[in-house]
There are 2 protein chains.
Amino acid sequence: MTKRTEVLELAVLGLLHDSPMHGYELRKQLTALLGWGRSLSYGSLYPALKDLVRRGLIAESAPDPTVGRSRRAKIVYELTADGKEHFTGLISQAGPAAWEDEPFGVHFAFFARTDAETRMRILEGRRSRLEERLATFRASLHKTRERLDSYTLELQRHGLESVEREVRWLDELIDHERQAAGDTRRSPIAGTSGTKKKEEQPS
Amino acid sequence: MTKRTEVLELAVLGLLHDSPMHGYELRKQLTALLGWGRSLSYGSLYPALKDLVRRGLIAESAPDPTVGRSRRAKIVYELTADGKEHFTGLISQAGPAAWEDEPFGVHFAFFARTDAETRMRILEGRRSRLEERLATFRASLHKTRERLDSYTLELQRHGLESVEREVRWLDELIDHERQAAGDTRRSPIAGTSGTKKKEEQPS
DNA sequence: GTTAGCATGTAAGGAGTTACATGATTTT
DNA sequence: AAAATCATGTAACTCCTTACATGCTAAC
């Protein structure tokens with residue numbers, strides 16, 4: 001369903017929205033953004049960039065032609081007007097594909113550039129997606145509980161707990177969004193930066 | 001590094017260790033075991049099974065030839081002696097590849113069939129892997145903190161917290177293993193079921 | 001009797017990694 | 001001056017998903 005490429009595309013466009021970058025730099029940021037584990041290979045990044053250039057969504061540019069006389073190209077990519085438009089479209093259209101793990105992370109990372117409605121749609125969609133997961137999870141656990149050894153059981157317990165935890169996190173975020181919608185003077189997720197100092201206890 | 005196939009192989013062998021199964025049933029169990037999100041397609045499961053048969057690690061067998069006169073095959077797979085051996089080898093050899101997310105989950109799920117040493121090695125390896133992740137994570141967060149909007153920051157915070165949480169979980173498991181090693185009368189992870197009621201406080 | 005779930009497969013294609021190849025720049 | 005890191009690329013290959021094709025069996 002969710003092609004990795006689409007996620008990659010969105011992420012690249014989003015990162016370039018902030019500032020022009022080298023492919024190399026882009027890859028580092030991407031690695032940090034996309035999933036906390038795997039990193040993206042050049043073998044898939046550079047072709048993807050070339051494709052975005054071909055489609056006119058980003059543009060290559062030499063940063064300083066007078067200085068860099070090197071034969072070896074050093075390309076800085078920047079977003080074109082079309083690219084900006086495309087990005088805005090992608091991020092606000094966000095369908096069910098955006099509820100999945102990786103796409104959700106990327107969409108969330110660019111929440112600051114979306115409208116409140118889209119944010120709400122994605123947060124609630126993600127929540128329902130997790131709720132589904134919990135349901136099937138619990139059902140299968142219920143059926144097979146007896147046959148499982150303590151390790152498998154512990155693994156399931158931990159997995160279940162992680163998902164439940166994310167649901168609670170989403171609930172908080174949804175609350176913040178709702179408050180922000182009702183009272184526009186408050187910024188969304190005001191708590192995070194506002195209470196940073198006070199809540200430094202390790203929980 | 002870690003080919004998905006290897007993980008799949010280990011998981012299939014491990015599941016068949018318990019009881020013979022249809023490919024269909026296998027897929028369901030596998031989906032529950034491997035990652036809490038994606039499910040495995042038949043397009044990759046059946047060829048993988050055929051390959052394991054070819055290598056003599058599992059065997060196909062008709063469950064009841066006299067009754068099922070259907071032309072359509074209904075295959076039950078079971079582990080061969082070679083398969084058992086191979087599985088034991090795979091699970092006890094466990095190198096650094098087993099510290100990664102999916103492989104770790106699968107290895108952990110079959111902990112009951114490993115020796116204490118292997119368990120310890122995997123748990124500690126996983127822990128160090130996560131610790132590395134935390135380090136790079138924190139470093140990049142430190143460098144870019146100022147430029148991040150509240151959403152990105154919140155995402156990072158949540159990601160960081162999840163990893164920290166898993167580290168604490170691992171610490172508990174490691175403790176249990178150590179106790180079990182010192183005092184063999186206690187079963188590993190005895191605490192999970194034993195102290196469930198007492199430790200219900202939300203931390 | 002027909003829908004839903006059980007059950008097995010294959011062919012085509014896409015997505016991304018690996019491995020390789022090259023060279024510039026900065027740090028030690 | 002060597003080592004590390006920055007920087008860009010490509011070709012081969014592997015794995016996996018998608019989409020399709022088939023047929024049984026239980027429930028409604």
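Just so we're on the same page: letters track the sequence lines, and every chain starts at 1.
Side chains of B/Trp169 and A/Glu154: a donor on one and an acceptor on the other come within 3.5 Å.
Among the protein residues, B/Gly23 comes within range of the sugar-phosphate backbone only, with heavy atoms under 4.0 Å from sugar or phosphate atoms but none that close to a base.
Per the geometry, CZ belonging to B/Arg27 stands 12 Å off C1' belonging to C/dT8, to the nearest Å. When rounded to the nearest whole Å, the span between CG of B/Leu8 and C1' of D/dT17 equals 14 Å. Rounded to whole Å, atom C1' of C/dT8 lies 11 Å from atom CD of B/Glu60. A/Leu49 has its CG atom 15 Å from the C1' atom of D/dT10, to the nearest Å. Atom-to-atom, CE of A/Met21 to C1' of D/dA7 comes out at 15 Å; the value is rounded to the nearest Å. Atom CG in B/Leu40 sits about 12 Å away from atom C1' in D/dC15, given to the nearest Å. The CD-P distance, from B/Glu25 to C/dT8, rounds to 10 Å in whole Å. One interatomic measurement links the two molecules: OH of B/Tyr42 to P of D/dT22, which rounds to 18 Å at whole-angstrom precision.
Taking the charged nitrogens against the carboxylate oxygens, A/Glu166 and A/Arg126 do have a contact shorter than 4.0 Å, which makes a salt bridge. With salt bridges taken as basic N to acidic carboxylate O contacts below 4.0 Å, none links A/Lys84 and A/Glu78. Here B/Asp101 does not pair with B/Arg129 in a salt bridge; the nearest charged N to carboxylate O distance is not below 4.0 Å.
Place B/Gly43 and A/Gly43 on DNA chain C by their nearest nucleotides, and B/Gly43 ends up nearer the 5' end.
Between A/Lys50 and the phosphate of D/dT8, there is no side-chain N or O to OP1/OP2 separation shorter than 4.0 Å. A sub-4.0 Å separation between OP1 or OP2 of D/dT17 and a side-chain N or O of B/Ser44 is present. A close approach under 4.0 Å does occur between a side-chain nitrogen or oxygen of B/Tyr46 and OP1 or OP2 of C/dT8.
The side chain of B/Tyr77 lies closest to C/dG9, out of D/dT17, C/dT18, C/dG9.
In this structure, B/His17 and B/Phe87 have tilted ring planes: the angle between them lies in the 30° to 60° band.
Considering CG of A/Leu155 and CZ of A/Arg157, their distance stands at 10.0 Å, rounded to 0.5 Å.
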Is there a salt bridge (charged side-chain N to carboxylate O under 4.0 Å, His left out) between A/Arg138 and A/Glu164? Walk through the geometry before answering. CA-CA 12 Å; A/Arg138 286 191 185 117; A/Glu164 280 167 350; 2.8 Å; yes
Which atom pairs link the protein and nucleotides 3-6 of chain C when you take only N or O atoms and keep those under 3.5 Å?
unit_1: C/dC6; atom_1: OP2; unit_2: B/Tyr24; atom_2: OH; d: 3.0

